[in-house]
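To start, the structure under review is shown below, and the notes come after it.
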Amino acid sequence: MREKSMEELIRVTNLIKNFPVQKSVLDMLFSGKKQQYVHAVDDVSFSIGKGEVLGLAGESGSGKSTTGRLLLRLLEATSGSIFYDGRDISTIGKEELRRLRMKMQVVFQDPDSSLSPRMTVGQAISDPLRIQGLASGAEAKRRAIQIMEQVGLTPADFLYRKYPHQLSGGQTQRVVLARALVTNPEFVVADEPIAMADVSVRALILELMKQLKREFNLTYLFITHDLATAKYLCDRIAIMYLGRIVEIGAKDQVFRTPHHPYTKALLQAVPVPDPKERRKDALPRGEIPSAVNPPPGCHFHPRCPFAIDPCRSGRPPLRELSPGHFSACILEP
Amino acid sequence: MRDTVEKTILEVKDLSIDYPISIGTVHAVRNVSFTLHKGEVLGLVGESGCGKSTLGLSFLRLLRAPGRVAGGSIEFEGRDIMSMKTEELRLFRGNKMAMVFQNPLTSLNPLMRIRDHFFETLKVHNVFTNRTEAEKKAGDVLERLGIDRQRLHEYPHQMSGGMRQRIMIGLGLILDPEILIADEPTTALDVIVEATFVDLLKLLKEEYNISIILISHNLAMVAEIANRIAVMYGGKIAEIGTAEQIFAEPMHPYTQGLIGCVPNINVDQESLVSMAGSPPDLVVPPPGCPFADRCPKGMDICRQKMPPMKEYRANQQTACWLYE
């Protein structure tokens with residue numbers, strides 16, 4: 001359970017991101033069609049406490065990665081605010097933002113494309129120190145070696161001189177983690193950090209992330225499509241569907257007593273590594289629709305087995321079912 | 001439960017596959033033997049580089065150069081696939097055994113309508129008579145898979161990811177094969193779509209009695225559908241048994257580690273099993289068990305001699321010195 005007294009590190013209010021849909025030249029010149037938008041993130045609000053892991057789960061196209069990028073201002077929001085440790089960072093300038101990035105780091109899905117093939121492991125890991133002006137020369141190397149040992153990249157002296165292609169998959173993801181942690185951040189956005197890895201490597205990275213969280217007192221936003229992994233790592237979880245958060249709460253609230261029909265469907269669909277517990281229930285029909293013209297009302301209503309008339313118009317608000325557990329479904333539990 | 005009279009449809013004996021490359025020869029698959037029964041789903045699981053996809057390609061003789069079968073045999077209903085002549089092989093492919101690949105987006109031609117994909121398949125296999133009949137046949141297959149037959153006239157980009165994957169299955173099923181080989185069929189799919197796909201495979205198995213070899217790294221997905229599971233490591237089968245045995249009583253330490261690595265949504269797990277190290281170099285494979293160096297229970301003999309594959313429990317075979 002999240003305690004009321006927990007201090008907030010991140011607060012996001014009414015975050016919106018629209019991407020314009022590209023039109024052909026002919027359309028622009030001759031057709032009177034209005035500019036269309038992809039409503040990637042559609043009025044999202046949440047907070048993350050210090051030292052907490054918030055999972056952001058959903059299918060592809062739900063807006064979870066866009067939300068992560070907006071938080072770090074790797075993308076500019078259409079509107080809405082982002083507070084970091086009480087300070088509004090949605091409007092701060094480039095220089096201030098650069099300094100702030102020391103505290104906010106990101107780990108992406110594919111370690112191979114996140115690392116330059118022409119930089120050694122040592123250069124990749126110590127580069128953020130130089131960029132941030134925190135250390136250089138021998139001191140930068142010392143700190144890089146230290147963090148390499150902490151993430152299990154050993155023997156660190158030996159691996160320091162290697163290039164990414166000389167490492168195994170588990171090692172490259174460790175390099176990415178080491179690079180993110182070398183500036184001693186407080187907040188890490190991990191965007192599907194294990195999606196590309198093999199089963200055994202996934203387990204290693206998850207364990208490592210857990211251990212690093214304790215050692216560095218980190219706060220994570222863990223973006224994933226895999227609810228079993230989310231359950232393993234997260235304290236709280238938010239479920240996204242077509243740009244909106246449909247349910248958010250403590251891990252046990254969402255996993256044990258899911259309320260939103262979409263959350264229930266997602267949970268049902270998760271394969272269980274146990275042949276004695278095979279799924280028997282039916283699944284919702286269809287697939288996630290386009291975010292260009294999302295269905296009116298509750299976005300999930302065309303696929304929802306419980307949809308009633310009021311679901312088809314008006315956005316259902318997130319309402320609190322029990323302390324800290326919110327669902328955007330108008331049906332009674 | 002397994003039936004004692006069940007019929008063997010595919011028998012792989014002592015199969016080895018090599019890839020000669022500049023620095024030597026990659027021994028991708030080494031002395032693999034197993035049988036596939038009529039109407040069962042066999043899961044072929046393992047991590048990248050274990051040889052599972054190479055093995056899957058060899059069943060249809062689709063190995064790309066320089067890959068080649070270095071030894072052993074693959075028998076379909078008693079006929080050796082390896083010795084089939086070109087014409088016999090062409091009739092075998094699609095009619096008897098079909099394959100569904102990983103990425104439906106790159107496997108479908110964006111410039112061809114869905115119906116033309118079906119027509120092409122029928123033509124290649126000499127069973128195309130006329131458009132009306134072929135269209136009816138393709139439409140029937142699509143309906144079996146839950147897709148409106150009108151969509152035959154659309155292009156791949158007009159369909160969702162899950163639908164494209166079903167089209168791929170449809171192309172595999174149009175000739176009514178007895179064995180379907182699906183290599184990572186759900187990696188590009190979302191959770192709910194993946195689950196729908198698993199339901200579809202269950203339906204095919206139950207209603208049409210098709211035998212399926214499901215190649216995947218996703219153990220949880222395989223657990224949802226497989227009757228039996230073969231676990232591969234370093235080009236060899238480490239263990240093979242019923243799905244229940246593999247998940248509840250795994251014998252090989254690699255299987256035990258692999259199962260312990262998978263987060264289970266129904267269980268509150270404190271920690272996952274961490275397997276340090278990486279798979280062996282298959283250019284110079286170790287003389288003993290390929291897992292010996294990472295094995296928590298490794299003994300001297302494990303590094304020196306290859307453990308034999310033996311049935312230590314009914315229906316469960318393992319290659320591990322611990323049980324000798």
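Computed from a predicted model, the values in this text were never measured in an experiment. First the proteins, then the strands, lettered A, B, ... as listed; each starts at 1. The basis for the numbers below is simple: all heavy atoms, side chains too, and nothing from hydrogens, waters or symmetry mates.
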### Message
Can a donor-acceptor pair be found, under 3.5 Å and without considering hydrogens, that links the side chain of B:D190 to the backbone of A:S60?
### Response
yes
### Summary
The interface call for B:I246 against chain A, heavy-atom contacts under 4.5 Å, is neither
#### Entry: B:R294 to A:S200 - nearest heavy-atom pair and separation
NH2-OG, 3.8 Å
### Message
Give me the atom names and distance for the closest heavy-atom approach of A:R279 to B:K202.
### Response
O-NZ, 3.8 Å
### Message
Using every non-hydrogen atom in the two residues, find where B:I192 and A:Y262 come nearest and quote the distance to one decimal.
### Response
CD1-CE1, 4.0 Å
### Summary
Closest non-hydrogen contact found for A:F255 with B:I265 is CE2-CD1, 3.4 Å
### Task
State which residue, out of A:T229, A:L227, A:V270, fulfils the side-chain contact (heavy atoms from CB on, under 4.5 Å) condition with B:P263.
A:T229
### Message
I'd like to verify something: which residue of B:A226, B:A195, B:A243, B:G260 has the highest number of heavy-atom pairs under 4.5 Å with chain A?
### Response
B:A195
### Query
Taking all atoms of both residues into account, what is the closest heavy-atom pair of B:E47 and A:V201, and its distance?
OE1-N, 4.2 Å
### B:D268/A:K251 under salt bridge (Lys or Arg N to Asp or Glu O under 4.0 Å): CA gap, chis, key distance, verdict
CA-CA 11 Å; B:D268 287 319; A:K251 175 172 73 179; 5.7 Å; no
### Message
Which atoms of B:E270 are under 4.5 Å from chain A, going by heavy atoms: the side chain, the backbone, both sets, or neither?
### Response
backbone
### Query
Closest approach of B:S271 and A:Y232, non-hydrogen atoms and distance?
CA-OH, 2.9 Å
### Query
When you measure from the side chain of B:E244 to the backbone N and O of A:K276, does any donor-acceptor pair fall under 3.5 Å?
no
